[in-house]
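Here is the structure we will look at, set down as structure tokens.
This structure is a prediction, so every number in the text was calculated from the model and none was measured.
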Amino acid sequence: MALRNIVQDGDVILRSKCRPVTEFNDKLHKLLDDMHDTMNKANGAGLAAPQVGILRRLAVVEVGDDYLELINPVIVYREGEQIGEEACLSVKNRSCVVKRPMKLKVEHFDRYGNKKITTAEGFTARACCHEIDHLDGILFYDNEYRG
Ligand code: ZN
């Protein structure tokens with residue numbers, strides 16, 4: 001188990017656009033494993049690579065007792081909406097309401113470079129949107145919903 005430091009709001013890393021993952025190698029697997037550990041230790045529900053200082057397009061999202069690994073993710077379908085509170089491991093002492101789709105489909109790769117399409121609903125859909133936003137330097141409160 002290896003924990004990584006979680007970058008905090010105010011650091012330019014969190015406002016940077018990430019580059020695609022191109023190598024599905026041991027280094028990537030180690031990064032994903034470390035991100036799982038770091039997220040669990042911090043009691044988070046998701047973590048994106050820039051939050052641990054890596055400007056690549058990948059994130060992990062907790063789904064029950066399992067994890068979704070989103071590598072080079074693209075949301076290809078959205079349905080419905082949900083309005084609810086969000087917070088972030090990189091933004092201490094702040095939460096706000098954000099509107100997200102209720103259901104979505106994400107095209108992404110797994111850690112071995114296989115292309116996947118994952119359907120996510122409810123909280124998982126919200127978490128996927130939040131983490132994918134991180135890859136483009138967007139933080140949840142940029143999209144605060146004010147009704
Ligand atoms: Zn976040």
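- Here the straight-line distance linking atom CZ of Arg94 with atom CG of Asp9 works out to 8.0 Å at 0.5 Å rounding.
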Residues Lys116, Leu68; criterion side-chain contact (heavy atoms from CB on, under 4.5 Å); working and verdict: CA-CA 11 Å; Lys116 305 264 179 191; Leu68 189 53; over 6 Å; no

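- Within the model, atoms CG of Asp133 and CG of Leu139 stand 8.5 Å from one another, a figure rounded to the nearest 0.5 Å.
- Following chains of ILVMFWY side-chain contacts shorter than 4.5 Å, one can reach Leu104 starting from Val63, so the two form part of one hydrophobic cluster.
- A pairwise comparison of heavy atoms in Val21 and Asn72 identifies N-OD1, 2.8 Å as the closest pair.
- The number of heavy-atom neighbours closer than 6.0 Å to CG of Asn5, taken from other residues, nucleotides and ligands shown, is 12 or below.
- The side-chain heavy atoms of Asp34 and Val52, taken from C-beta on, include no pair separated by under 4.5 Å.
- With contacts defined as side-chain heavy-atom distances shorter than 4.5 Å, the pair Arg4/Ile54 qualifies.
- For the atom pair CG (Leu58) and CE (Met35), the distance works out to 5.0 Å, reported to the nearest 0.5 Å.
- Just one residue in the list Glu121, Glu81, Glu85, Glu86 forms a salt bridge (Lys or Arg N to Asp or Glu O under 4.0 Å) with Arg100, and that residue is Glu86.
- Aromatic rings of Tyr112 and His29 (six-membered ring for Trp) have centroids within the 6.0 Å cut-off, being under it.
- Tested against Ile75 for a side-chain contact (heavy atoms from CB on, under 4.5 Å), the candidates Cys128, Pro101, Cys129 yield a single pass: Cys129.
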Show your reasoning for whether side-chain contact (heavy atoms from CB on, under 4.5 Å) applies to Glu131 and Val60. CA-CA 8 Å; Glu131 300 313 328; Val60 295; over 6 Å; no

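- In this structure, Lys30 does not pair ionically with Asp26, as no charged nitrogen and carboxylate oxygen lie closer than 4.0 Å.
- A distance of 7.0 Å separates OG of Ser90 from CG of Leu47, quoted to the nearest 0.5 Å.
- Of all heavy-atom pairs between Phe24 and Arg111, the closest is CB-O, 3.5 Å.
- Within the model, atoms CZ of Arg126 and CE of Met102 stand 8.0 Å from one another, a figure rounded to the nearest 0.5 Å.
- The NZ atom of Lys17 lies 5.0 Å from the CZ atom of Arg57; values are rounded to the nearest 0.5 Å.
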Could you walk me through whether Leu70 and Leu135 pass the side-chain contact (heavy atoms from CB on, under 4.5 Å) test, one step at a time? CA-CA 11 Å; Leu70 299 173; Leu135 308 182; over 6 Å; no

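- Judged by distance alone, the side chains of Tyr67 and Glu69 never bring a donor and an acceptor atom under 3.5 Å apart.
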Start with the C-alpha distance between Val91 and Leu14, add both sets of side-chain angles, then the distance that settles side-chain contact (heavy atoms from CB on, under 4.5 Å), and finish with yes or no. CA-CA 10 Å; Val91 183; Leu14 292 176; 5.9 Å; no

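- Ring pair Phe140/His130 is parallel by interplanar angle, where below 30° counts as parallel and above 60° as perpendicular.
- Closest approach of His108 to Thr118, counting heavy atoms only: NE2-OG1, 2.7 Å.
- In this structure the side chain of Val106 reaches within 4.5 angstrom of the side chain of Ile132, judged on heavy atoms.
- Side-chain atoms of Arg56 come within 3.5 Å of backbone atoms of Pro20 as a donor-acceptor pair (strictly under, hydrogens ignored).
- Contact between Pro50 and Ile13 at its shortest, heavy atoms only, is O-CG2, 3.3 Å.
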